[in-house]
Amino acid sequence: MTQNEIKQIRSLQIKKFRDELNLFVAEGDKCISELSKSFTLVQHFSAADTPLKDIERASSLRTPQGSIAVFRKPQFPLPVIEPDTLYLALDGIQDPGNLGTIIRTADWFGIRDIICSANTADCFSPKVVQATMGALARVRVHYTDLPAWLTNPQLSTLNSQPSTIYGTLLTGKDLYAPDAIPDKRSGIIVMGNEGNGLSPEVRKLITHSLRIPSFPPDEPTSESLNVAIATAIILAHFRQPDPIKL
């Protein structure tokens, strides 16, 4: 690994250079192996063929994992909304760890497209890539003007019915209420910023607001849930089969 290669890899910790070079970095054999299935591998260095001290100098991790790779960033068109498909949208998620966990959780629950507002953290930052544990290989992450995308005429018809846009609000309907979710198979679930929740522009587009109830009801508790945890709870409920009616 040359000094220039180390310098370039370290520069990819900054979004400006990731965008200019159209590259991103991943570390660790497991993560690199998963991403290699979907993305173009540009460079790969491992302890088997590269001095560990060079990998440590290039790494952004406190505890380097002995292998580091550079991949080309993919370009995905915005998804066409399909019937019987669930989509996830993120409105201003800022914490890289939260974003990485959300992507990994989406992968677990079969969400293949995440649509992010322009001010959501970059999914190709090293911290996010590592937190996804390779889930980026299967989940397409898009960045766009989220309110404009949600009001796109293409979204007005979903399986011959108006699009259902779910949003998480403290004033929303109990997630577990029988009539809270008209169809678990279809729709767009929007999760908001860690501190401020959904932006006013997105909030007014929500057709069904949801709330994760605390337990026991009406007793003092934390003000809110971490957004990554809340996303996992909501996706798990959407993926839970409806009880069989006898």
Side-chain angles (χ1 to χ4, degrees), residues 15 78-79 81 86-109 111 113-123 125 127-128 131-132 135 139-152 155-156 158 162-177 179-184 186-240:
K15 185 177 187 301
L78 282 169
I81 301 302
L86 201 58
Y87 299 86
L88 182 62
L90 304 179
D91 185 19
I93 301 299
Q94 295 296 299
D95 183 82
N98 281 339
L99 178 56
T101 301
I102 288 171
I103 294 170
R104 186 176 178 184
T105 302
D107 182 33
W108 182 264
F109 287 110
I111 304 296
D113 288 282
I114 299 178
I115 300 85
C116 301
S117 62
N119 63 337
T120 292
D122 182 13
C123 70
S125 74
K127 288 184 179 179
V128 176
T132 69
V139 179
R140 296 176 291 269
V141 182
H142 315 264
Y143 289 83
T144 190
D145 180 332
L146 188 57
W149 184 76
L150 290 172
T151 54
N152 189 312
L155 299 179
S156 64
L158 187 61
S163 294
T164 305
I165 302 176
Y166 299 96
T168 50
L169 299 170
L170 292 176
T171 57
K173 180 169 287 190
D174 187 325
L175 174 67
Y176 305 112
D179 59 344
I181 303 171
D183 183 0
K184 288 183 177 180
S186 301
I188 303 163
I189 301 169
V190 188
M191 304 300 295
N193 173 270
E194 291 91 340
N196 302 315
L198 297 174
S199 63
E201 296 80 8
V202 169
R203 189 182 297 247
K204 66 183 180 182
L205 300 175
I206 300 301
T207 62
H208 291 70
S209 60
L210 302 174
R211 172 181 55 86
I212 299 172
S214 60
F215 186 87
D218 304 322
E219 286 195 9
T221 186
S222 299
E223 182 181 6
S224 63
L225 284 170
N226 170 275
V227 66
I229 296 295
T231 302
I233 292 171
I234 288 173
L235 290 180
H237 184 64
F238 268 80
R239 292 310 196 196
Q240 182 182 26

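Heavy atoms only: backbone and side chains are in, while hydrogens, waters and symmetry mates are out.
By the 4.5 Å heavy-atom criterion applied to side chains, Leu235 and Ile111 are counted as neighbours. Residues Leu90 and Ile102 meet the side-chain proximity criterion, which asks for heavy atoms closer than 4.5 Å. Cys123 is listed as a side-chain neighbour of Ile103, based on a closest heavy-atom distance under 4.5 Å. With a 4.5 Å cut-off on side-chain heavy atoms, Trp149 and Ile188 count as touching. Looking at His142 and Pro79, their side chains come closer than 4.5 Å, going by heavy atoms from C-beta outward. Lys15 has its side chain out of reach of Ser125: every pair of non-hydrogen atoms, C-beta onward, lies at least 4.5 Å apart. Leu205 is listed as a side-chain neighbour of Thr151, based on a closest heavy-atom distance under 4.5 Å. Counting heavy atoms from C-beta on, the side chains of Ile212 and Thr168 never come closer than 4.5 Å.
Listed by first and then second residue, the side chain to side chain donor-acceptor pair (under 3.5 Å) pairs that reach into residues 96-109 are Asn98-Glu194, Asn98-Asn226, Asp107-Arg112, Asp107-Arg138, sequence neighbours excluded.
Taking a cutoff of 4.0 Å between a charged side-chain nitrogen and a carboxylate oxygen, Lys173 and Asp179 qualify as a salt bridge.
A ring-centre distance under 6.0 Å is found for Phe238 and Tyr166.
In this structure, the side chain of Thr231 engages the main chain of Val227 through a donor-acceptor pair within 3.5 Å.
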Extract all donor-acceptor atom pairs below 3.5 Å that involve side chains of residues 197-204 and protein atoms in other chains or at least two apart in sequence.
from, atom 1, to, atom 2, distance (Å)
Ser199, OG, Asp91, OD2, 2.9
Ser199, OG, Val202, N, 3.4
Arg203, NH2, Leu198, O, 3.3

